[in-house]
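See structure below.
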Amino acid sequence: MTLSIGTKTKLRNGVEMPWLGLGVWKVTAEGEAERAIHAAVKAGYRSIDTAKVYRNEADVGQAIRTCGVPREELFVTTKIWNEDQGYDRTLAAFEESRERLGIDVIDLLLIHWPGKDKYVETWRAFEKLYADGRVRAIGVSNFHVHHLRKLAEASEIAPMVNQVEFHPLLTQKELLAYCKENGIQLEAWSPLMQGNLDIPTLKEIAAKHGKSPAQVVLRWDLQHGVVTIPKSVTPTRIAENADLFDFELSEEDMARIDALNENRRFGPNPDEFLF
């Protein structure tokens with residue numbers, strides 16, 4: 001597919017979501033989120049990914065209001081945390097997030113983790129929020145195939161997005177294939193492996209294309225049909241992470257990066273993150 005920074009993927013309900021977004025995990029210092037989001041918007045980003053547990057929804061909302069781009073041009077994601085799961089608590093937590101962000105309608109709402117045993121109940125609240133027009137799209141985060149299958153059996157609306165840890169050391173081929181087969185857009189968090197990019201194969205491919213290993217990994221995401229949301233607070237790095245659209249990885253490049261898989265996680269395994 002031909003890609004540009006303005007290119008979007010169309011979710012199963014017709015809502016368009018940018019292929020590239022800015023993650024703001026751990027962006028909590030005073031003014032930091034606003035500076036990062038302003039730099040991202042200047043570089044062409046139109047998607048911002050936050051969550052209650054990041055403790056920066058209010059800062060993100062302020063940045064959205066001051067970034068110089070109309071609200072309707074931005075795609076804003078937030079997430080329901082584990083302690084807020086369950087039907088009634090989810091509805092209340094959504095309203096709290098919406099108020100912190102200062103946004104009437106959230107573009108994408110995700111269940112942050114499947115957790116222990118409440119995600120089906122939580123999803124019923126998501127379906128209500130979607131039916132009521134409070135959110136434009138609903139999805140999940142950190143769901144394995146078995147979580148998605150259980151949700152499919154118990155719900156009327158399937159998730160539109162599954163945001164998971166996805167990178168060259170954790171290629172999640174079964175999950176990617178399941179999501180593609182079932183119309184669920186996969187989205188990569190921690191695509192740059194928390195900076196663990198000192199890998200000879202990535203360096204070689206980067207040198208061949210005159211790019212950085214980070215740019216190669218993000219391009220690899222996109223060519224796999226995976227939305228990617230690298231996190232940075234440095235304007236030069238934010239701009240560099242968006243400079244992905246003037247080169248293309250070959251089939252050989254893609255296969256070499258795929259072969260780096262070690263099923264290695266830098267974050268928790270969703271089957272073990274139970275509370």
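Computation of the quantities below employed the complete heavy-atom set of this structure, encompassing side-chain atoms and omitting hydrogens, waters and symmetry-equivalent molecules. Counting from 1, the numbers follow the sequence of the chain as shown.
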Using the rule given for side-chain hydrogen bond (donor to acceptor under 3.5 Å, both in side chains), can you reason through Asn261 versus Asn263, listing the C-alpha separation, both sets of side-chain angles and the distance that settles it, and then say yes or no? CA-CA 6 Å; Asn261 180 57; Asn263 294 323; 3.1 Å; yes

Test side-chain contact (heavy atoms from CB on, under 4.5 Å) on Val15 and Phe75 and set out the steps. CA-CA 10 Å; Val15 167; Phe75 190 94; 3.9 Å; yes

When you look at Thr78 and Glu57, which way does the side-chain contact (heavy atoms from CB on, under 4.5 Å) test go after all the steps? CA-CA 8 Å; Thr78 194; Glu57 287 176 314; 2.6 Å; yes

Passes side-chain hydrogen bond (donor to acceptor under 3.5 Å, both in side chains), Glu16 versus Thr9? Steps please. CA-CA 6 Å; Glu16 293 187 333; Thr9 179; over 6 Å; no

Take Thr77 and Asp107 through the test side-chain contact (heavy atoms from CB on, under 4.5 Å) and record every step on the way to the result. CA-CA 6 Å; Thr77 300; Asp107 296 294; 5.8 Å; no

Could you check Ile199 against Met193 for side-chain contact (heavy atoms from CB on, under 4.5 Å), going step by step and ending with a plain yes or no? CA-CA 11 Å; Ile199 298 173; Met193 302 176 283; 4.1 Å; yes

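When the shell of 6.0 Å around CD of Glu251 is examined, it contains 12 or fewer heavy atoms from other residues, nucleotides or ligands. More than 12 heavy atoms of other residues, nucleotides or ligands lie within 6.0 Å of CD in Gln194, so this atom counts as buried by the packing criterion. Counting heavy atoms of neighbouring residues, nucleotides and ligands inside a 6.0 Å radius, atom NZ of Lys208 exceeds 12 of them. When the shell of 6.0 Å around CZ of Arg89 is examined, it contains more than 12 heavy atoms from other residues, nucleotides or ligands. The environment of CG in Asp246 is crowded: more than 12 heavy-atom neighbours from other residues, nucleotides or ligands sit within 6.0 Å. Atom NZ of Lys180 has more than 12 neighbouring heavy atoms from other residues, nucleotides or ligands inside a 6.0 Å radius.
Cluster annotation: Val164 is not connected to Leu274 through the hydrophobic network of ILVMFWY side chains, with a link wherever side-chain heavy atoms come within less than 4.5 Å. Hydrophobic clustering of Ile, Leu, Val, Met, Phe, Trp and Tyr side chains at less than 4.5 Å, counting indirect connections, keeps Ile138 apart from Val105. Transitive grouping of hydrophobic side chains (ILVMFWY, heavy atoms separated by less than 4.5 Å) keeps Leu176 and Leu170 in distinct clusters.
No side-chain N or O of Asn241 forms a donor-acceptor pair with one of Asp243 less than 3.5 Å apart. For the residue pair Asn142/His147, the side-chain donor-acceptor check at 3.5 Å is not satisfied. Counting only N and O atoms by type, the side chains of Glu187 and Thr228 include no donor and acceptor under 3.5 Å apart. For the residue pair Thr66 / His38, a side-chain donor-acceptor distance below 3.5 Å is found, with atom types taken as modelled. With hydrogens and angles left out, the side-chain atoms of His224 and Asp258 include a donor and acceptor closer than 3.5 Å. Donor-acceptor pairing under 3.5 Å is recorded for the side chains of Asn269 and His144. With no hydrogens or angles considered, no side-chain donor-acceptor pair links Asp117 and Gln85 at under 3.5 Å. Looking only at atom types and distance, the side chain of Asn56 has a donor-acceptor partner in the side chain of Thr50 under 3.5 Å away. Side-chain contact check for His146 and Asp271: at least one donor-acceptor pair (N or O, by modelled atom type) lies under 3.5 Å.
Ionic pairing of Glu83 and Lys52 is present here: one or more N-O contacts between side-chain nitrogen and carboxylate oxygen are shorter than 4.0 angstrom. A salt bridge does not link Arg71 to Asp104: none of the charged side-chain nitrogens sits closer than 4.0 Å to a carboxylate oxygen. Salt bridge annotation for Glu204-Arg256: present, with a cationic side-chain nitrogen under 4.0 angstrom from a carboxylate oxygen.
Contact of the Gln163 side chain with the Ile229 side chain is registered, since non-hydrogen atoms from C-beta on lie closer than 4.5 Å. Residues Glu30 and Asp59 are not in side-chain contact: their nearest non-hydrogen atoms beyond the backbone lie 4.5 Å or more apart. Counting heavy atoms from C-beta outward, Tyr87 and Lys118 have side chains that stay 4.5 Å or more apart. Counting only heavy atoms from C-beta outward, the side chains of Glu95 and Arg134 approach each other to under 4.5 Å. Considering only heavy atoms from C-beta on, Met17 comes within 4.5 Å of Val161 through its side chain. Inter-residue side-chain proximity for Leu169 and Phe266 is flagged as met; some heavy-atom pair is nearer than 4.5 Å. Proximity of Ile238 to Leu22: side-chain heavy atoms (C-beta onward) are separated by under 4.5 Å at one or more points. Between Asp253 and His209, some side-chain heavy-atom pair lies under the 4.5 Å cut-off.
Remark: Cys179 SG to Gln185 CD distance equals 8.5 Å, nearest 0.5 Å.
The closest donor-acceptor contact from the side chain of Glu165 to the backbone of Gly267 lies under 3.5 Å.
Between Trp220 and Phe166, the distance from one ring center to the other falls under 6.0 angstrom. Within the 6.0 Å centre-distance limit, the rings of Tyr119 and Phe143 are counted as a close aromatic pair.
Heavy-atom minimum distance, Pro191 versus Val217: O-CG1, 3.2 Å. Contact record, Leu109 with Phe126: O-CE2, 3.3 Å, taken as the closest heavy-atom pair. Across Arg136 and Asn13, no two heavy atoms sit closer than the pair O-ND2, 2.9 Å. Taking each heavy atom of Arg65 and Gly102 in turn, the nearest pair found is NH1-CA, 3.8 Å. Closest heavy-atom contact between Glu127 and Ile157: OE2-N, 2.7 Å. Nearest heavy atoms, Leu108 versus Gly139: CD1-N, 4.1 Å.
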